[in-house]
**Student:** 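Dumping the structure here so I can ask a few things about it.
Please read all numbers here as calculations on a predicted model, not as lab measurements.
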Amino acid sequence: MRAGILTIMCLFHMCVGAAVPSLTQIRELYYRANENKKAADRFYTTMQAVDDREQPLLTCYKGMAAIMRVKYGIEPFSRLAGFQKGKGLVEQAVGQAPANVEVRFLRFCVQSQVPRILMYSSDMAADRTFILQAYPQLADNDLRKRIKEYMLRYGDLTPNEKRYLQ
């Protein structure tokens with residue numbers, strides 16, 4: 001009897017504790033993770049509930065959480081290992097959903113910000129082109145706003161491309 005109750009409690013905790021926030025909440029956690037270590041840790045912890053094999057966009061955010069956490073690390077080898085783990089998840093997501101604008105945008109964000117020594121910038125031009133071509137059809141206003149702000153600030157766009165987003 002006790003074992004049955006304990007099993008039910010564990011299953012309940014796993015189901016409730018593993019709840020993933022909404023996409024808008026995940027985006028907010030991602031953007032806040034850039035502000036400080038505590039926010040990056042919260043984003044990372046939240047995204048650990050994501051199953052890497054389920055939804056490519058959530059897998060991509062899980063990779064981004066690992067990468068964002070690295071920013072605040074001290075030990076070089078653990079930072080590199082964390083980056084490689086996050087990069088692997090981002091690439092997995094792109095492989096699973098190459099036509100997903102948000103996945104490609106997140107990869108662009110990483111590649112435009114990581115140090116060149118990590119040699120992770122080979123897809124920037126293709127992602128930038130893909131994002132700009134898909135931008136007019138985006139129905140998600142929150143995502144449109146975030147893409148526009150980021151691309152205008154960090155996208156290294158030509159004057160024509162900037163006008164396109166305006």
Side-chain angles (χ1 to χ4, degrees), residues 20-44 46-73 79-80 82-166:
V20 176
S22 72
L23 187 53
T24 303
Q25 291 169 323
I26 290 171
R27 287 175 185 156
E28 276 305 310
L29 288 170
Y30 166 64
Y31 280 87
R32 287 188 185 143
N34 199 36
E35 295 172 4
N36 60 58
K37 183 183 183 324
K38 185 177 179 181
D41 287 342
R42 181 170 179 229
F43 179 42
Y44 180 82
T46 300
M47 296 312 297
Q48 291 313 294
V50 170
D51 181 350
D52 304 350
R53 300 162 302 213
E54 297 258 335
Q55 299 175 28
L57 180 56
L58 294 181
T59 298
C60 193
Y61 272 111
K62 185 175 185 175
M64 297 300 286
I67 291 169
M68 294 300 289
R69 193 170 187 218
V70 164
K71 176 179 177 179
Y72 302 102
R79 289 179 72 188
L80 182 59
F83 173 77
Q84 293 296 346
K85 176 185 175 188
K87 174 185 167 186
L89 290 169
V90 169
E91 289 301 323
Q92 175 185 327
V94 173
Q96 291 172 333
N100 185 308
V101 179
E102 192 162 2
V103 168
R104 298 282 292 271
F105 171 63
L106 291 170
R107 181 171 70 178
F108 180 85
C109 290
V110 173
Q111 291 191 356
S112 67
Q113 297 296 314
V114 297
R116 296 288 178 221
I117 194 166
L118 293 173
M119 295 183 291
Y120 187 50
S121 60
S122 60
D123 300 299
M124 283 180 61
D127 287 346
R128 178 180 25 256
T129 300
F130 179 83
I131 293 162
L132 291 173
Q133 288 175 348
Y135 183 80
Q137 289 81 34
L138 283 176
D140 184 332
N141 288 329
D142 180 55
L143 181 59
R144 282 180 65 88
K145 177 182 159 243
R146 292 173 192 273
I147 287 175
K148 178 180 177 180
E149 288 174 1
Y150 189 88
M151 297 301 285
L152 289 174
R153 186 167 182 188
Y154 300 109
D156 195 27
L157 304 176
T158 66
N160 264 356
E161 291 169 332
K162 287 180 181 179
R163 279 193 297 277
Y164 186 72
L165 291 176
Q166 299 282 332

**Student:** Answer yes or no: is there a side-chain heavy-atom contact under 4.5 Å between Arg128 and Asp156?
**Tutor:**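 Contact flag for Arg128/Asp156 side chains = yes.
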**Student:** Are any non-hydrogen side-chain atoms of Tyr164 and Pro136 less than 4.5 angstrom apart?
**Tutor:**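 They are in contact (side-chain heavy atoms under 4.5 Å apart), so the answer is yes.
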**Student:** Give, for atom CG of Leu58 and atom CG of Leu89, the distance between the pair rounded to the nearest 0.5 Å.
**Tutor:**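 Leu58 atom CG to Leu89 atom CG measures 12.0 Å (nearest 0.5 Å).
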**Student:** From Lys87 NZ over to Gln92 CD, what is the distance, rounded to the nearest 0.5 angstrom?
**Tutor:**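 Between Lys87 NZ and Gln92 CD, I get 14.0 Å after rounding to 0.5 Å.
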**Student:** So Met151 and Lys162, do their side chains get closer than 4.5 Å, heavy atoms only?
**Tutor:** no
**Student:** Just do the side chain to side chain contact (heavy atoms under 4.5 Å, CB included) check on Met124 and Phe108 with the steps written out, would you?
**Tutor:** CA-CA 6 Å; Met124 283 180 61; Phe108 180 85; 4.2 Å; yes
**Student:** Could you tell me whether a side-chain N or O of Arg69 sits under 3.5 Å from a main-chain N or O of Asp41, the two making a donor and an acceptor?
**Tutor:** no
**Student:** When rounded to the nearest 0.5 angstrom, what is the spacing between CD1 in Ile147 and CG in Leu165?
**Tutor:**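 Between atom CD1 of Ile147 and atom CG of Leu165 there are 9.0 Å.
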**Student:** Could you tell me whether Arg42 atom CZ has more than 12 heavy atoms of other residues or ligands within 6.0 Å of it?
**Tutor:** no
**Student:** Within the distance-only criterion (no hydrogens, no angle test), does the side chain of Tyr72 pair as donor or acceptor with the backbone N or O of Asn36 below 3.5 angstrom?
**Tutor:** yes
**Student:** Do you know the tightest heavy-atom contact between Arg79 and Val70?
**Tutor:**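 Result for this residue pair: NE-O, 3.1 Å.
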**Student:** Just verifying a value: how many Å separate Thr24 OG1 and Leu29 CG, rounded to the nearest 0.5 Å?
**Tutor:**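 Rounded to the nearest 0.5 Å, the OG1-CG separation comes out at 11.0 Å.
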**Student:** Check the side chains of Tyr120 and Glu91 for a donor-acceptor pair under 3.5 angstrom, ignoring hydrogens and angles.
**Tutor:**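 A donor-acceptor contact under 3.5 Å links the two side chains.
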**Student:** Would you mind reporting whether Pro21 and Thr46 have side-chain heavy atoms less than 4.5 Å apart?
**Tutor:** yes
**Student:** The test is side chain to side chain contact (heavy atoms under 4.5 Å, CB included); show your working for Tyr150 and Phe105 and say whether it passes.
**Tutor:** CA-CA 9 Å; Tyr150 189 88; Phe105 171 63; 3.6 Å; yes
**Student:** Which atom pair, heavy atoms only, marks the closest approach of Ser121 to Gln111?
**Tutor:**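 So the two residues come closest at C-OE1, 3.4 Å.
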**Student:** With a 4.5 Å cut-off on side-chain heavy atoms, are Val103 and Gln96 touching?
**Tutor:** no
**Student:** Taking Met68 as the fixed residue, which of Tyr61, Tyr30, Tyr31, Tyr44 is the one that meets the side-chain contact (heavy atoms from CB on, under 4.5 Å) rule?
**Tutor:** Tyr30
**Student:** Please tell me if the side chains of Lys145 and Lys148 come closer than 4.5 Å, counting only heavy atoms from C-beta onward.
**Tutor:**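 A side-chain contact is absent here, since even the closest heavy-atom pair is not under 4.5 Å.
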**Student:** Does some side-chain heavy atom of Asp140 sit less than 4.5 Å from a side-chain heavy atom of Leu138?
**Tutor:** no
**Student:** Checking side-chain contact (heavy atoms from CB on, under 4.5 Å) against Cys60, which of Val110, Val94, Val90 comes through?
**Tutor:**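 Going through the options one by one, the only one that passes is Val90.
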**Student:** Measure the CG-CG distance between Leu143 and Leu23 for me, rounded to the nearest 0.5 Å.
**Tutor:**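 The CG atom of Leu143 sits 8.0 Å away from the CG atom of Leu23.
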**Student:** Is the shortest side-chain N to carboxylate O distance from Arg27 to Glu102 below 4.0 Å?
**Tutor:** yes
**Student:** What are the two closest non-hydrogen atoms of Ala97 and Pro56, and how far apart are they?
**Tutor:**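 Shortest heavy-atom contact: CB-CB, 3.7 Å.
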**Student:** Go through the steps to decide whether Asp51 and Thr59 satisfy the test side chain to side chain contact (heavy atoms under 4.5 Å, CB included), and finish with yes or no.
**Tutor:** CA-CA 7 Å; Asp51 181 350; Thr59 298; over 6 Å; no
**Student:** Answer yes or no: is there a side-chain heavy-atom contact under 4.5 Å between Asn34 and Lys71?
**Tutor:** yes
**Student:** Between Leu57 and Leu106, does a side chain to side chain contact (heavy atoms under 4.5 Å, CB included) hold up when you go through it step by step?
**Tutor:** CA-CA 9 Å; Leu57 180 56; Leu106 291 170; 4.2 Å; yes
**Student:** Nearest 0.5 Å please: distance from the CZ atom of Phe43 over to the CZ atom of Arg32.
**Tutor:**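 So the CZ of Phe43 and the CZ of Arg32 are separated by 12.0 Å.
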**Student:** Would you kindly check if the NZ (Lys) or CZ (Arg) of Arg144 is within the cone defined by 45 degrees around the ring axis of Tyr135 and under 6.0 Å from the six-membered ring centre?
**Tutor:**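 Cation-pi check for Arg144 and Tyr135: passes.
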